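Below: one structure, written as structure tokens.
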Amino acid sequence: MLTESFSLKISSNHLTFEMATKISNAAMFGLSPENMSSHEHLPLELDSSFLNTSTIIALCVFFALLCACIIIGHLLEEHRWANESITALLLGLCAGGVVLLVRKGASSHLLKFSEDLFFLYLLPPIIFNAGFQVKKKRFFKNFSTILLFGIFGTVISFCIISLGVFWIFRKIGVESLSLKDHLAIGAIMSATDSVCTLQVLSQDETPFLYSIVFGEGVVNDATSIVLFNSVQTLDFHNIDGLTVLKLIGTFLYLLLTSTALGIAVGLLSAFIIKTLYFGRHSTDREFALMILMAYLSYLLAELLNLSGILTVFFCGIVMSHYTWHNVTESSRITTKHAFATMSFIAETFIFLYVGMDALDIDKWRESKASAGTSAAVSSTLFALVLVGRAAFVFPIANILNCVQKSESSKIHFKQQFIMWWAGLMRGAVTIALSYNQFASYMRKSPESALMITSTIIVVLFSTIVCGSVTKPLIEAVLLRHRKPMVSDFTDNVSLEDLRVLLLESGDPSNSNNNQPARRASSLRLLIRHPTTTVHYFWRKFDDRFMRPMFGGRGFVPFVPSTPTGAADESSSA
């Protein structure tokens with residue numbers, strides 16, 4: 001993207017091969033050609049590096065700031081009023097201010113934002129690790145609830161924000177945005193970032209609430225991107241009654257096909273590693289194959305114009321359920337920590353860049369908006385985020401409470417409030433989608449720059465202000481130091497499974513009679529206990545058909561280098 005724009009700016013008649021190589025390398029790291037150092041005219045033997053000095057300096061600064069974020073995060077571990085995301089944003093703001101002073105107000109850019117850098121290199125490891133590390137038992141036990149909040153709730157938020165923007169922006173004075181832009185803003189502002197809340201919540205004290213917030217956050221990001229991509233595919237020049245149906249059809253198509261592709265690639269990786277036993281020769285090969293096939297699923301989805309986030313998320317879930325159990329013990333430890341580390345570094349890098357990009361003077365100048373207009377647009381966007389979030393969290397939770405018969409399985413108002421609060425923060429996905437929609441070289445306009453700067457303000461305010469209040473708020477609402485709330489009904493899973501097993505086998509009340517026990521039908525069980533019944537029958541299907549073919553828990557390949565293989569060799573001797 002940036003390479004194409006550079007080629008339009010610089011005439012090919014005056015561009016040498018060496019300079020083209022340098023610009024291509026700079027573009028890969030998001031460096032604009034005007035920021036390149038003035039030493040390009042030096043002879044080749046005095047400048048043998050394929051990276052120019054500006055790129056090396058920029059990367060050194062960013063890596064030093066990443067190290068500082070890790071150190072400060074460690075120091076704040078016990079008294080955490082701010083997490084790594086807030087720390088990275090504040091450090092980015094400080095670094096951007098220093099760069100701005102050094103360059104005397106010219107620009108705070110060390111690296112220029114590149115969508116390829118974000119969507120191809122930074123976002124995939126974050127989403128894959130979310131699927132790979134997810135607590136699958138709790139996630140799928142609450143799967144129906146997560147889908148209601150993550151998909152249906154996000155669509156409600158998308159509609160409210162889009163309608164609000166369309167109605168209010170015209171009164172503020174922002175009138176040049178098209179219908180496509182208004183719908184895109186609805187999708188952009190619907191993408192949540194629940195990292196701050198998840199770092200405060202405890203999986204042991206509030207397992208149900210943690211599972212809902214985590215699962216809804218991941219599904220929300222995927223749904224927002226699918227909505228955004230669906231909006232981009234529609235032709236708004238010919239709007240008719242079928243436009244809404246086309247939008248819904250495109251959304252469902254991307255949702256289902258992306259999920260199926262991620263599951264297929266994950267199962268293929270499990271089958272290959274289980275069949276070929278890479279660990280017998282080299283554990284590096286099985287580890288490398290897991291990384292490459294996970295990344296391949298994301299690239300295939302993007303190549304087929306699907307949702308790469310949804311694909312790589314379900315690929316991570318399938319790999320953790322099957323593939324991870326097929327590798328050697330050393331590879332299991334390596335993959336678990338390697339995926340978590342890559343996700344942590346990528347996420348910190350994104351927030352660090354967002355902090356520095358907030359002081360980009362060029363964007364503020366291009367917007368040509370007064371302080372009042374900028375504040376009005378940003379306040380409108382955040383107010384719509386508040387309303388859009390509340391419009392589905394509380395109604396859906398109360399509807400679920402009416403359906404649930406057991407008092408212990410209901411979502412109490414305090415938990416509803418935490419779920420609402422967790423979705424107020426906006427992060428990397430919001431920034432990336434905003435750049436995708438408004439930072440194109442083909443649409444340089446004050447309104448486009450205003451949308452980018454307003455989005456940055458919303459992200460900074462929601463992350464720093466709301467994120468800083470999250471820990472004391474959760475401790476005050478949930479009373480963390482007291483007994484955990486009984487509505488975390490995932491602790492009763494084993495009892496529910498046992499009840500379904502007894503119902504399927506027969507009615508135990510007739511055991512004293514000579515009549516045989518009456519077997520309950522699967523449809524009756526599904527109606528009375530839908531979530532538990534689906535989970536129970538899936539476990540039976542998984543143990544009987546899936547695990548023998550794709551491996552998984554309980555599959556231990558015979559590899560002489562592993563402790564299991566060594567034990568088997570000694571016993572056979």
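Everything numeric in this text was worked out from a predicted model, so none of it was measured.
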Are the aromatic ring centres of Phe62 and Phe349 under 6.0 angstrom apart? yes

What residues, two or more places apart in sequence or in another chain, satisfy salt bridge (charged side-chain N to carboxylate O under 4.0 Å, His left out) together with Asp543? Arg547

Sequence-distant partners of Arg426, salt bridge (charged side-chain N to carboxylate O under 4.0 Å, His left out), two or more places apart: none

For atom NZ of Lys336, is the number of surrounding heavy atoms from other residues, nucleotides or ligands below 6.0 Å larger than 12? no

Could you pull out all residues at least two apart from [X] that satisfy side chain to side chain donor-acceptor pair (under 3.5 Å)?
X	result
Asn129	Gln133
Ser331	Glu286, Thr328
Thr223	none

Residues which pass side chain to side chain contact (heavy atoms under 4.5 Å, CB included) with [X], listed by chain and number, not counting sequence neighbours:
X	value
Ser258	Leu306, Ser307, Leu310, Thr311
Ile71	Leu75
Val318	Ile263, Leu267, Tyr322
Leu256	none

Return all side-chain donor-acceptor pairs below 3.5 angstrom for residues 337-345, not counting sequence neighbours, or 'none' if the list is empty.
| unit_1 | atom_1 | unit_2 | atom_2 | d |
| --- | --- | --- | --- | --- |
| Thr341 | OG1 | His337 | O | 2.7 |

Tell me which pairs pass side chain to side chain donor-acceptor pair (under 3.5 Å) where either residue lies in residues 224-234, with sequence neighbours left out. Gln232-Gln437

Can you give me every donor-acceptor pair (side chain of residues 290-299, partner residue at least two apart or in another chain, under 3.5 Å) with its distance?
| unit_1 | atom_1 | unit_2 | atom_2 | d |
| --- | --- | --- | --- | --- |
| Tyr295 | OH | Leu120 | O | 2.7 |
| Ser297 | OG | Ala294 | O | 2.5 |
| Tyr298 | OH | Phe119 | O | 2.5 |

Taking Arg332 for the side chain and Val327 for the main chain, is one N or O donor matched with an acceptor at less than 3.5 Å? yes

